[in-house]
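For reference, the structure discussed in these notes is given below.
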Amino acid sequence: MNINVSGKKVLVRVDFNVPLNKQFQITDDTRIRKALPTLRHILDNGGALILMSHLGRPLKSLKEDGSINVKKFTLRHLAPHLSDLLGLPVKFASSCLGEYTRKAVSDLLPGEVLMLENTRFHEGEEKGDEAFAKEIADLGDAYVNDAFGTAHRAHASTTIVAQYFDKDHKSFGFLMEAEVENANKVLHDPQRPLVAITGGAKVSDKLLLLERLIDFADTVIIGGGMAYTFFKAQGGNIGKSICELDKLDLATDLMAKAKAKGTTLLLPKDNIAADKFSNSANRKLVDSMNIPDGWEGLDIGPESIKEFVTAIEGAKTIIWNGPMGVFEFDNFAAGTNAVAQAVADATKKGAFSLIGGGDSVAAIKKNGLDNEVSFVSTGGGAMLEYLEGKELPGIKAIKGA
Ligand code: AMP
């Protein structure tokens with residue numbers, strides 16, 4: 001963070017979009033904890049914190065009378081826990097706009113913390129409305145963006161607000177810096193071989209990522225539900241496995257592109273198929289190109305695990321985005337678990353490993369290996385877009401074009 005915060009009221013966009021249970025208790029506070037170094041740095045250097053974040057999608061789930069369900073989406077639920085983590089009182093303003101909030105900000109002293117209500121209670125947030133952004137910008141003397149998870153959205157509090165601060169009064173927070181730095185390690189001049197592991201449900205979600213990876217990785221592993229579209233495209237029988245029939249040509253193109261580029265594309269040779277989509281389904285080891293009718297592939301098989309693990313263990317740089325199967329079902333988690341372990345083992349031998357957000361983060365955590373890889377991203381969609389090579393508006397707004 002390269003700005004002077006002493007004596008300043010610093011408007012910090014954090015990503016406190018944490019999961020809550022029915023009693024509105026936080027079930028995973030990772031996102032709050034990850035923002036603490038930035039918050040502590042500002043407080044320790046004589047700044048005051050004005051925190052803003054979104055929580056859920058309140059305007060997409062209005063009450064029957066058309067009003068916002070404040071009880072469900074208020075950031076007030078988070079203030080006591082943040083207060084515990086910081087060891088400081090956290091004041092709360094029940095709107096990010098208005099007279100009361102301006103008064104609360106003007107009363108704020110160095111070392112104090114004020115949390116603003118959910119930015120998404122206002123239409124202007126997701127629309128990137130300039131008047132709304134200007135009103136929140138006027139609250140702070142400086143702006144810090146530490147919300148990597150929403151950096152791919154040109155929303156008022158993540159992007160537009162930055163235009164009201166000059167370069168000496170705006171900055172990334174430490175989390176944002178770390179996310180960008182670690183992604184850049186993979187994207188720019190990585191140590192080779194670079195092995196990219198992709199998985200998850202749909203090819204269509206990962207199309208741009210796959211194209212980009214085929215361009216610059218040495219090996220691209222494709223597992224999970226995505227793989228069945230590739231088998232179908234090659235004329236295989238895939239039973240009732242998940243498949244995107246309108247993406248068969250694209251799958252064929254990607255395979256041709258990999259061949260032309262000299263990129264090794266690894267698809268699972270064998271699979272564990274199920275007779276229904278359930279953890280208690282009957283299981284059968286099947287050949288990828290020959291899955292019986294009525295059966296669906298829900299995990300990769302032992303031969304594929306062996307091949308993927310060997311590739312991962314030989315890597316110097318690893319990107320992982322997407323599970324190898326329906327890892328939420330313990331009976332179909334073996335492939336994903338083996339990949340998680342192989343990534344951790346390769347890291348121990350000196351490889352750099354980036355877990356690129358979303359379900360692979362859940363999988364690495366489920367295996368208790370999140371501290372044994374080089375970097376676990378907090379931004380699912382944002383990291384995906386960054387790896388795809390897109391310029392994220394939240395990053396551009398701080399760095400300039
Ligand atoms: P994504 O968000 O695209 O990374 O997809 C993650 C989801 O894909 C997880 O919830 C997995 O359960 C699901 N998935 C992985 N493999 C399969 C498969 N073979 N069949 C159906 N769903 C799958």
Side-chain angles (χ1 to χ4, degrees), residues 19 28 149 152 196-213 220-233 236-245 247 250-251 254 266-292 294-305 308 319-340 343 354-367 376-388:
D28 180 353
H152 57 318
I197 311 153
T198 63
K202 288 188 182 165
V203 189
S204 49
D205 291 342
K206 309 271 165 92
L207 216 55
L208 291 173
L209 179 68
L210 283 172
E211 273 184 3
R212 184 106 204 280
L213 292 174
V220 177
I221 293 174
I222 300 181
M226 281 177 9
Y228 302 97
T229 301
F230 288 82
F231 304 136
K232 182 84 179 168
N237 293 322
I238 59 164
K240 57 174 183 175
S241 305
I242 187 169
C243 177
E244 286 170 280
L245 289 174
K247 295 289 177 292
L250 276 165
L254 286 172
L266 293 181
L267 284 153
K269 294 199 168 78
D270 58 350
N271 293 268
I272 307 295
D275 57 355
K276 59 179 179 190
F277 191 80
S278 158
N279 188 45
S280 59
N282 290 309
R283 287 180 290 165
K284 191 190 269 205
L285 178 61
V286 295
D287 181 275
S288 297
M289 295 291 283
N290 208 354
I291 301 176
W295 291 74
E296 59 187 308
L298 295 187
D299 195 8
I300 57 173
E303 202 187 322
S304 312
I305 289 180
F308 291 4
I319 309 176
W320 183 18
N321 186 303
M324 297 292 101
V326 184
F327 74 106
E328 297 93 335
F329 297 158
D330 285 344
N331 286 336
F332 299 95
T336 303
N337 293 347
V339 162
V343 174
L354 174 83
I355 313 302
D359 274 311
S360 7
V361 173
I364 204 95
K365 281 188 177 168
K366 202 174 163 197
N367 280 274
V376 180
S377 176
T378 55
M383 182 52 85
L384 190 62
E385 290 195 19
Y386 198 76
L387 294 175
E388 284 168 358

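Just so you know, ligand 1 is whichever comes first in the structure, and atom 1 is the first atom listed for that ligand.
A donor-acceptor pair is defined here as one N or O able to donate and one able to accept, closer than 3.5 Å; no such pair exists between the side chain of N282 and the backbone of D275.
The side-chain contact (heavy atoms from CB on, under 4.5 Å) test with S360 singles out one residue from I319, V376, V339, I355, and that residue is I355. Among I242, L267, L210, the one residue that satisfies the side-chain contact (heavy atoms from CB on, under 4.5 Å) test with M226 is L210.
Side-chain contact between W320 and T336 is present, with at least one heavy-atom pair separated by less than 4.5 Å.
Neither the backbone nor the side chain of E296 comes within contact range of ligand 1; no heavy atom lies under 4.0 Å. At a 4.0 Å heavy-atom cut-off, ligand 1 touches I242 through the side chain alone.
Taking a cut-off of under 4.0 Å to the non-hydrogen atoms of L298, the atoms of ligand 1 that pass are 19 (N), 20 (N). Residue Y228 has at least one heavy-atom neighbour below 4.0 Å for each of these atoms of ligand 1: 19 (N). Taking every heavy atom of G297 and a limit of under 4.0 angstrom, the matching atoms of ligand 1 come to 18 (C), 19 (N), 20 (N). Near D359, with a cut-off below 4.0 Å to any heavy atom, the atoms of ligand 1 are 2 (O), 5 (O), 6 (C), 7 (C), 9 (C), 10 (O). For ligand 1 and G200, the ligand atoms under 4.0 Å from any heavy atom of the residue are 1 (P), 3 (O), 4 (O), 5 (O), 6 (C), 8 (O).
The shortest N/O to N/O separation between E328 and ligand 1 falls below 3.5 Å. For ligand 1, none of its N or O atoms has an N or O atom of N321 under 3.5 Å away.
Protein heavy atom closest to atom 8 (O) of ligand 1, with residue, atom name and distance, is A201 N, 3.1 Å. Looking from atom 23 (C) of ligand 1 to the surrounding protein, the closest heavy atom is V326 CG2, 3.5 Å. With hydrogens left out, the protein atom closest to atom 4 (O) of ligand 1 is K206 NZ, 3.1 Å, a heavy atom.
The closest approach between a heavy atom of F329 and any atom of ligand 1 is not below 4.0 Å.
One finds no salt bridge joining D299 and R283 here, because no Lys/Arg side-chain nitrogen approaches an Asp/Glu carboxylate oxygen to under 4.0 Å.
Here L209 pairs with T198, K206, L213, N321, L384, L387, E388 under the side-chain contact (heavy atoms from CB on, under 4.5 Å) rule; sequence neighbours left out.
Other residues, nucleotides and ligands contribute at most 12 non-hydrogen atoms within 6.0 Å of the NZ atom of K202. Enclosure of atom NZ in K366 by more than 12 non-hydrogen atoms of other residues, nucleotides or ligands within 6.0 angstrom is indicated. The local environment of NZ in K232 is sparse, with at most 12 non-hydrogen atoms from other residues, nucleotides or ligands closer than 6.0 Å.
When the heavy atoms of G225, G356, C243, A227 are ranked by distance to atom 17 (C) of ligand 1, first place goes to G225.
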